[in-house]
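First up is the structure itself, then whatever we jot down about it.
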Protein chains: 2
Amino acid sequence: MARDDAAGRNLAWTDPNCPVARAVDVVGDRWSLLIIRDAMDGARSFTDFQQRTGIARNILADRLRKLVAHGLIAQVEAPTGKRRVYALTPAGKDLFPVIVTLRQWGERHAYDAGETHSVLVDDHGAVVPPVVPVAADGRPLTSDTTTVRKPA
Amino acid sequence: MARDDAAGRNLAWTDPNCPVARAVDVVGDRWSLLIIRDAMDGARSFTDFQQRTGIARNILADRLRKLVAHGLIAQVEAPTGKRRVYALTPAGKDLFPVIVTLRQWGERHAYDAGETHSVLVDDHGAVVPPVVPVAADGRPLTSDTTTVRKPA
DNA sequence: GGCAAAGAGTTTCAAATTGCAACCGACTGG
DNA sequence: CCAGTCGGTTGCAATTTGAAACTCTTTGCC
């Protein structure tokens, strides 16, 4: 088990044809998405990630290694010429819609009335509206109005 | 650790104010999202989930219990009056945008050129376009044009 | 330059989680 | 009413996780 291909991808999925399964294989654990979240929020250094997430240091080292191996994060020279820092790659930044939808789901379903939580605001200071999948013609879609078409 | 509150929620988060953390706490493991995915795709029975995901039976039992406890799935009388089946609650169905964005990320970043995968189509048979977070005025947003505002 | 402190991991070991396979009672179909 | 199927549970073995201490490298500063 835990066989990896040349790109470091695990090959023992239930269904290799399902992009959801492959995505979960990369970020479907307790910490990876929180690391990505913090990277989007400005975290750059090892201890920065460690303190924000509270993850154990050995696990953090392991997750950062995997995220780098999967191409979501890269170690780059710090702009200030100091220590190398972790930065999101385009693939990592592309998880933004996932983080936002997860956040919005959490806001709707993981808080009791009266509990407070942080909110996502845009560069004008306005709250980001709910993200909703739509058809090409603009109709909102749900799990009831979509189906998965298997490859030919 | 692993203390739970009355609603079965774990209370040992890094940041209780972060909805992303709370969402991950519920569905941030290797299997929960795949179970939700299969439920959206029509899975109803225990063995149905087991065969589609390939998850170990004891773990599946545990995950279904937790998802029921968290209110994402409910056990309901089968329409046919037979065995009880698992069905998504509104909160479970509301994960649709998360599943879709994860799927789309997977399609973009977890496949080599030439590899095939399933695609999500709407009820007209058209492929679901990329889901992108937008500001109230319609501008597309990214992690660079948004920030998290902590509660007062 | 020299030194103390901080950063970035690594190591060690215990505890928790996973996975497999076998087992079991309830339901159902014929 | 008998044979399968369903929906789990149980007992381990194998992994994974987590906490804490330890090491090596960089930095800040005088």
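As a basis for the values below, the full set of heavy atoms in this structure was taken, side chains included, without hydrogen atoms, waters or symmetry mates. In the text below, chain A, chain B and the rest are named by the order of the sequence lines, each starting its count at 1.
The residues Asp94(B) and Arg108(A) are annotated as salt-bridged, a charged nitrogen and a carboxylate oxygen being separated by less than 4.0 angstrom. Ion pairing between Arg52(B) and Asp15(A) fails under the 4.0 Å rule for side-chain N and carboxylate O.
Between Phe49(A) and Tyr86(A), the ring planes are perpendicular. Angles over 60° get that label, and only those under 30° would be called parallel.
Comparing Val85(A) and Asn58(A) by the nucleotide of DNA chain C that holds the closest heavy atom to each, the one mapping nearer the 5' end is Val85(A). Checking Asp62(A) against Ser45(B), the closest nucleotide of DNA chain D that is more toward the 5' end is the one next to Ser45(B).
When distances are taken from the side chain of Arg65(A) to each of dG18(D), dC20(C), dT10(C), the shortest belongs to dT10(C). Each of dG7(D), dG19(C), dG9(C) was ranked by its minimum atom distance to the side chain of Arg57(B); first place goes to dG7(D).
Here the C1' atom of nucleotide dG7(D) and the CZ atom of Phe46(B) are 6 Å apart, to the nearest Å. dA16(C) atom P lies 15 Å from atom CD1 of Ile59(A), rounded to whole Å. Atom CD1 of Ile35(A) is separated from atom P of dA8(C) by 14 Å (rounded to the nearest Å). Between Gln50(B) atom CD and dG8(D) atom C1' there is a gap of 11 Å when expressed in whole angstrom units. One can place CZ of Arg84(B) at 13 Å from P of dT28(C), the figure rounded to the nearest angstrom. Computed from coordinates, the Arg30(B) CZ to dT17(D) P distance equals 9 Å when rounded to whole Å. Taking atom CZ of residue Arg83(A) and atom P of nucleotide dA6(C), one finds them 12 Å apart after rounding to whole Å. One atom, CG of Asp29(B), and another, C1' of dT15(D), lie 16 Å apart when rounded to the nearest Å.
Tyr86(A) comes within contact range of the sugar-phosphate backbone alone, with a heavy-atom separation under 4.0 Å but no base atom that close. When heavy atoms are screened at a 4.0 angstrom cut-off, Gln75(B) is found touching the sugar-phosphate backbone but no base atom.
A donor-acceptor contact shorter than 3.5 Å links the side chain of Arg22(B) to the backbone of Ala110(A). In this structure, Gln104(B) contributes its side chain and Val131(B) its backbone to a donor-acceptor pair below 3.5 Å.
Phosphate proximity of dT17(D) to Trp31(A): absent, as no side-chain N or O sits under 4.0 Å from OP1 or OP2.
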